[in-house]
Amino acid sequence: MSTEIEISFKEKVDIKRLPEHIAIIMDGNGRWAKAQGKHRIFGHKNGVKAVREVTEGCAELGVKHLTLYAFSTENWNRPKTEVSALMQLLFLTIGKEIKTLQKNNIRLNAIGHIHNLPESNQKALREVMEATKNNTRMTLTLALSYGSKEEITEATKILAQQYKDGKISLEDINTETISNQLYTKDIPDPELMIRTSGEHRISNFLLWQLAYSELYFTEKFWPEFTRNDLFKAIYDYQNRERRFGMTSEQITEQLTTNN
Ligand code: IPE
Ligand code: IPE
Ligand code: MG
C-alpha cells in the first residue's frame with residue numbers, strides 16, 4: 001500500500017475560470033490490464049469507471065462540454081475480437097449510463113462515422129441522445145469511429161461542392177466556414193486536452209479544434225484516472241498563461257483592464 005498522501009485539488013480549482021470544453025484521449029486500458037496479467041478487454045471494462053468519474057467531475061464543477069475519444073478510425077484495425085468486445089461494451093455502457101446522464105442533467109452527443117458502428121450501437125446511441133436532448137447542465141460528446149483528417153476532408157468536399165454549385169465564392173471559405181462544416185460545429189474548441197498513459201501524441205483527434213488548446217499529459221493509465229486527477233489537470237491548466245501569439249505583457253494588461 002502506498003503511504004503517499006493524495007492532495008485534493010477540488011478546492012484549488014477556480015470555478016470562475018473553468019475551461020468551457022475539455023477533451024480527453026482515454027488511453028492505456030490495454031497496458032493497465034497487461035500489467036496485472038489480465039486480458040486487454042479487462043482494461044476496457046475498467047475504463048468505464050473513469051468515464052463516469054470524469055463525466056460527473058466535470059458536471060459537478062460546471063464544465064459545459066466534455067468530449068471523450070472512445071474509438072478512432074484507426075482502431076478498426078485492431079484484432080476482430082477486441083473490436084467486437086469494444087462494440088459490445090459500448091452498447092452495454094450506453095444502456096447503463098442513461099441513469100447517470102439523466103440524474104446529472106447531461107446531454108449525450110456523438111461525433112464520427114457513427115454509421116459504421118453496429119446497428120445495435122447506433123440504435124442505442126440514437127435512443128439515449130433523444131432521451132437526453134433537453135438536458136442542459138453539460139454536453140457529453142463521444143468520439144466514435146472518429147478521425148480528424150476524415151472530418152476535415154469531408155468539410156473540404158462540402159465547401160468545394162458548394163463552390164462548384166455557385167452557392168459560395170472563394171472569399172466565403174475562411175476559418176469560420178470551415179469550422180461550421182466540422183462535426184463539432186455547435187461546440188466551442190476545447191481549451192484543455194488531456195491524454196492519459198504517457199503517450200505524447202494527438203492520434204488523429206480534433207486536429208483543427210485543438211489548434212490553441214492547452215495539452216496535459218499524465219502517466220496514469222485511463223482505468224486509474226480519477227475525479228481528483230481531472231481536478232489536478234484543470235488546476236494545472238489554470239496556472240498557465242495562454243498568450244495566443246501575444247506577449248506576456250499584453251496578456252497581463254488585458255487581464256487588469258478586464259477586471
Ligand atoms: C484506449 O486504451 C482505449 C481505446 C483506444 C479504445 P488502449 O486500448 O489504446 O490501451 P493501450 O494504449 O494499448 O494500453
Ligand atoms: C487513441 O488511442 C484513440 C482512443 C483513445 C480512442 P490509441 O491507443 O488508438 O492511439 P495510438 O495508436 O497509441 O496512437
Ligand atoms: Mg492506446
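When a ligand or atom number is given, it counts from 1 through the structure's own listing order. All values below come from the heavy atoms of this structure, side chains included, with hydrogens, waters and symmetry mates left out.
- The Phe71 neighbourhood of ligand 2 comprises atoms 6 (C), with distances under 4.0 Å to a heavy atom of that residue.
- Residue Glu199 places no N or O, backbone or side chain, under 3.5 Å from any N or O of ligand 2.
- Residues Glu119 and Gln122 have side chains in contact (heavy-atom distance under 4.5 Å, counting atoms from C-beta outward).
- Taking a 6.0 Å sphere around CD of Glu253, one finds it holds 12 or fewer heavy atoms contributed by other residues, nucleotides or ligands.
- With a heavy-atom cut-off of 4.0 Å, Phe205 does not touch ligand 2 at all.
- The heavy-atom pair separating Ser197 from Arg31 by the smallest distance is OG-NH2, 2.9 Å.
- If you look at Asp27 and ask which of its N, O or S atoms sits nearest the Mg ion (ligand 3), the answer is OD1.
- Here Ala70 has backbone heavy atoms under 4.0 Å from ligand 2, and that is the only part of it that gets that close.
- At a 3.5 angstrom cut-off on N or O pairs, Asp27 counts as close to ligand 2.
- For atom 5 (C) of ligand 2, the nearest non-hydrogen atom of the protein is Met26 O, 3.3 Å.
- Remark: side-chain polar atoms of Asp229 are paired, donor with acceptor, to backbone N or O of Thr226 under 3.5 angstrom.
- When only interatomic distances are considered, the shortest N/O to N/O separation between Tyr69 and ligand 2 does not fall below 3.5 Å.
- Remark: distances from the non-hydrogen atoms of Glu74 to ligand 2 are all 4.0 Å or more.
- Crowding of Glu53 atom CD: a count of heavy atoms from other residues, nucleotides or ligands under 6.0 Å exceeding 12.
- Remark: aromatic rings of Tyr237 and Tyr216 are distant, center separation not under 6.0 Å.
- In Arg78, the part holding a heavy atom less than 4.0 Å from any atom of ligand 1 is the side chain.
- Between Gly30 and ligand 1, at least one N/O pair is under 3.5 Å apart.
- Close approach to Arg31 involves these atoms of ligand 1, each under 4.0 Å from a residue heavy atom: 11 (P), 12 (O), 14 (O).
- When only non-hydrogen protein atoms are considered, atom 13 (O) of ligand 2 lies nearest to Arg201 NH2, 2.8 Å.
- For the Mg ion (ligand 3), the set of nearby N, O or S atoms under 2.8 Å includes none belonging to Glu199.
- Using a non-hydrogen distance threshold of 4.0 Å, His44 registers as a contact of ligand 1.
- Ranking protein heavy atoms by distance to atom 14 (O) of ligand 2, first place goes to Ser203 OG, 2.6 Å.
- Polar contact with ligand 1: absent for Asn75 (N/O pair, distance under 3.5 Å).
- Taking the side chain as every heavy atom from C-beta outward, Val51 and Met26 approach each other to under 4.5 Å.
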| Would Ile25 and Thr196 count as a side-chain contact (heavy atoms from CB on, under 4.5 Å) if you check the C-alpha gap in whole Å, the side-chain angles of each, and the deciding distance to 0.1 Å? | CA-CA 7 Å; Ile25 302 179; Thr196 57; over 6 Å; no
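- Ion pair Glu191/Arg242 not flagged as a salt bridge, since none of the NZ, NE, NH1 or NH2 atoms sits closer than 4.0 Å to an Asp/Glu carboxylate oxygen.
- In the model, Asn75 has a side-chain atom that pairs as donor or acceptor with a side-chain atom of Ser72 under 3.5 Å.
- Using bins of under 30°, 30° to 60° and over 60° for the plane-to-plane angle, the ring pair Phe71/Trp76 lands in the perpendicular bin.
- In this structure, the side chain of Glu150 does not engage the main chain of Tyr146 through any donor-acceptor pair within 3.5 Å.
- Only side-chain heavy atoms of Arg195 come within less than 4.0 Å of ligand 2; its backbone N, CA, C and O stay farther off.
- Within the 4.0 Å heavy-atom cutoff, Gly28 counts among the residues contacting ligand 1.
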